[in-house]
Number of protein chains: 2
Amino acid sequence: MKMSDRKKRILQIVVDEYINSAVPVSSKAITEKHLTDVSSATVRNELASLEELGYLTQFHTSGGRVPSPQAYRFYIEELMQRGNLSAADLDYISSAFSDKTADVEHLIKSVANVISELTDYTSVAAMPNAEEERIRNMTLLPCGDGRALLVIVTGSRILRDSFIDLPDTMSDEDVANASHMLCRLFCGKALSEARTVEAEALGEFGQYRQVMTEVIEALKSYARPRDEDIVLAGPEKIFNHPEYEDIGNVKNFLSVISSKDKIAEIVGDEDDEIQINVKIGSADGKDMPEDCSLVTATYSAGGKNLGTYGVIGPIRMDYSKVIAVLENVGKALEELIGGKNKDKKEKDDE
Amino acid sequence: MKMSDRKKRILQIVVDEYINSAVPVSSKAITEKHLTDVSSATVRNELASLEELGYLTQFHTSGGRVPSPQAYRFYIEELMQRGNLSAADLDYISSAFSDKTADVEHLIKSVANVISELTDYTSVAAMPNAEEERIRNMTLLPCGDGRALLVIVTGSRILRDSFIDLPDTMSDEDVANASHMLCRLFCGKALSEARTVEAEALGEFGQYRQVMTEVIEALKSYARPRDEDIVLAGPEKIFNHPEYEDIGNVKNFLSVISSKDKIAEIVGDEDDEIQINVKIGSADGKDMPEDCSLVTATYSAGGKNLGTYGVIGPIRMDYSKVIAVLENVGKALEELIGGKNKDKKEKDDE
DNA sequence: CGTTAGCACTTGTGGTTGATGAGTGCTAAC
DNA sequence: GTTAGCACTCATCAACCACAAGTGCTAACG
């Protein structure tokens with residue numbers, strides 16, 4: 001059945017109103033505030049019909065109507081007015097990223113914070129997979145106690161938490177040589193390609209095979225996703241939304257939120273081609289809490305994949321605001337990163 | 001007024017019982033379960049007296065008694081039985097730290113997790129101040145785009161989040177030379193001493209003063225405490241305790257917990273000489289939530305300061321268990337770190 | 001004089017009841 | 001197709017009740 005324009009309009013009003021007030025909306029409220037030219041009885045008929053179509057539900061026969069997940073989906077696709085951000089919000093975004101020159105790890109944190117602050121929801125961020133990043137430089141840094149720190153820099157991040165045990169016979173010069181050799185072998189390759197030169201590498205290292213074995217082990221470990229690849233910001237923000245007055249909901253939400261594995265699972269299977277991605281309720285994601293919604297966007301700028309960012313919150317979410325924030329943050333990053341690469345030459349004159 | 005032995009015994013029973021059950025304890029419960037040789041009326045008299053002394057309070061005249069903060073303090077100092085951990089718990093501790101060879105940053109996370117898991121409370125951990133750490137090695141690692149990564153290794157951690165902008169005229173060899181110079185200048189010095197060689201350093205760098213200025217800036221920034229120096233584990237654990245059925249308490253707790261600054265303030269002003277430190281309620285720490293308690297211990301092993309660890313939770317906390325866990329974790333770390341330094345020579349034979 | 005039994009008093013808890021108000025569905029008239 | 005009117009359904013709230021738990025006090029006891 002095709003929906004009439006009036007049905008759409010009414011559905012839009014119901015969703016808007018409910019997002020704003022968190023109170024089930026009644027026919028009377030609709031005619032008083034928005035559709036002043038028809039009576040509440042007419043609206044009631046339409047509401048009953050929308051309910052039959054699966055867009056609305058009511059808890060009790062006398063409790064007003066609430067949008068169903070299906071209604072939110074339709075709302076986001078067709079009904080929602082894509083609002084723009086206030087000047088203050090735009091200022092906040094542009095000032096937040098002004099002097100960030102650092103790596104993805106830092107970027108991700110500040111982006112997550114900005115998103116959480118502006119939307120008033122808990123935000124999640126996932127680093128891009130490291131596997132395809134090209135190694136730009138690497139070194140072994142001796143640091144006493146017979147150990148050396150393996151540091152690897154790729155296009156967008158720093159990997160550096162492996163200590164490598166050194167044989168007693170290895171002098172600092174030996175380490176420096178090994179370091180150069182590593183660089184020659186791996187620089188320019190993606191992490192995922194490391195294994196292709198594994199045999200060659202072991203051969204070249206001869207005497208210090210053991211060291212090389214550990215380095216290769218470390219390289220492999222970086223390709224696997226780690227807990228630190230997921231960042232959360234503003235978990236306490238959920239208290240600002242009335243659905244989380246109930247302790248059970250909070251508990252549920254927090255337990256999902258505090259397991260990085262679960263978050264990774266929810267955020268992880270993004271389709272990279274879609275800019276904005278909305279998951280509503282447990283229907284869209286197995287590990288999602290029943291009554292939660294996740295809106296994410298995958299950013300890239302200047303050829304770099306900058307990760308996936310989003311907010312997680314109640315189904316009754318201010319999608320318009322959230323999507324506007326995600327889009328504008330994306331634009332700001334594009335300007336910052338994309339711009340920086342081009343500005344490079346002029347910059348040194350300052 | 002000196003407390004009689006019986007008063008002490010009764011107070012101990014009340015606190016024990018309340019810690020276990022979270023229910024105000026009545027005179028009847030005491031005589032039934034513990035003091036079977038006197039009547040409830042006698043206990044009532046004693047309870048009334050203990051209340052006058054400030055150790056107990058009652059919400060309502062017919063609601064049983066609850067220990068006051070003062071009672072908890074007395075309990076911890078004199079009454080509490082210092083229990084030992086179960087074999088399973090001890091196993092858990094020793095297996096958790098078996099193959100951690102990494103830096104303090106990683107150690108702190110796994111320690112915080114272990115403490116949180118074993119005690120069932122939210123745990124907090126603060127890294128030791130970096131200022132007095134001696135630099136073991138440092139390097140500038142060129143990574144394209146006219147930038148280099150500054151990596152510094154100290155006795156117990158890795159500092160590496162500064163990118164340094166390089167002049168276009170600086171070749172990779174120049175960077176390598178600069179790197180060696182940095183090492184010669186700073187290795188063996190504490191971070192706090194960096195400024196003492198500032199003038200000398202700037203002199204030596206001549207042509208590349210700008211780079212040196214940035215390096216010094218970075219060194220200074222490391223001496224300041226950062227958000228990452230505070231780690232939390234198991235925030236969702238509070239839901240396992242009945243005082244946090246109330247949404248208001250949860251909110252309050254979470255808002256303190258999610259501000260690293262506040263945590264730093266609470267945990268920060270530890271007296272290093274005291275092994276175990278207990279703060280009860282807002283009386284002991286300005287930023288502490290009214291009805292919360294913080295138990296911390298500062299660990300060091302093999303001459304290294306390993307940071308301050310603790311749990312934060314309701315006043316009605318299982319102090320005996322918490323303190324036992326903190327002590328045993330401390331012992332395990334001592335063995336692990338202290339032992340490793342000594343084993344060093346034998347180890348390479350394996 | 002410490003201990004105890006007995007009893008009146010206080011107060012949270014849980015269940016019932018009834019009034020109120022919001023909101024709907026239905027029907028009949030426009 | 002729209003509307004007014006009305007009966008019906010429920011959630012909410014306050015009042016009220018009985019009940020159980022626990023205390024404080026008093027008087028008696030050894």
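First the proteins, then the strands, lettered A, B, ... as listed; each starts at 1. What you see below is based on every heavy atom in this structure, not just the backbone, and it leaves out hydrogens, waters and symmetry mates. On a predicted model such as this, the values are computed, not experimentally measured, just so you know.
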### Message
Distance check needed: D:dT3 C1' versus A:L35 CG, whole Å only.
### Response
15 Å
### Query
Whole Å only: how far is the NZ atom of A:K7 from the C1' atom of D:dG1?
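Computing the A:K7:NZ to D:dG1:C1' distance gives 12 Å.
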What pairs with [X] under side-chain hydrogen bond (donor to acceptor under 3.5 Å, both in side chains), at least two apart in sequence or on another chain?
X: A:R9; result: none
X: A:S27; result: A:R44
X: B:K237; result: B:S116, B:E117

Every protein N/O lying under 3.5 Å from an N/O of nucleotides 28-30 of chain C:
none

### Query
Given side chains that start at C-beta, do those of B:Y18 and B:V23 come closer than 4.5 Å, heavy atoms only?
no
### Message
Within the structure provided, determine whether A:C292 and A:F253 are in side-chain contact (heavy-atom separation under 4.5 Å).
### Response
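The answer is yes, as the side chains (C-beta and beyond) meet within the 4.5 Å cut-off.
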### Message
Test your reading of the model: is there a side-chain donor-acceptor pair from B:N249 to the backbone of B:E243, 3.5 Å cut-off?
### Response
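Answer holds: yes.
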### Query
Should the ring pair B:Y121 and B:H241 be called parallel, tilted or perpendicular, given that the plane angle runs from 0 to 90° and is split at 30 and 60?
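It falls in the parallel class, under 30°.
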### Query
A:M317 pairs by side chain to side chain contact (heavy atoms under 4.5 Å, CB included) with which of A:V278, A:V311, A:I312?
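Answer after filtering A:V278, A:V311, A:I312: A:V311.
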### Query
What string of B, S and - do you get for nucleotides 13-30 of chain D 5' to 3' if you count protein non-hydrogen atoms under 4.0 Å?
--------BBBBB-----
### Message
Pick the closest DNA chain C nucleotide for B:E46 and for B:F59 by heavy atoms, then say which residue is nearer the 5' end.
### Response
B:E46
### Message
So that I can compare with my own list, what are the stems of DNA chain C, taken as at least three consecutive Watson-Crick or G-U pairs with distances under 3.5 Å?
### Response
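If one scans DNA chain C for consecutive Watson-Crick or G-U pairs, the stems found are C:1-30 with D:1-30.
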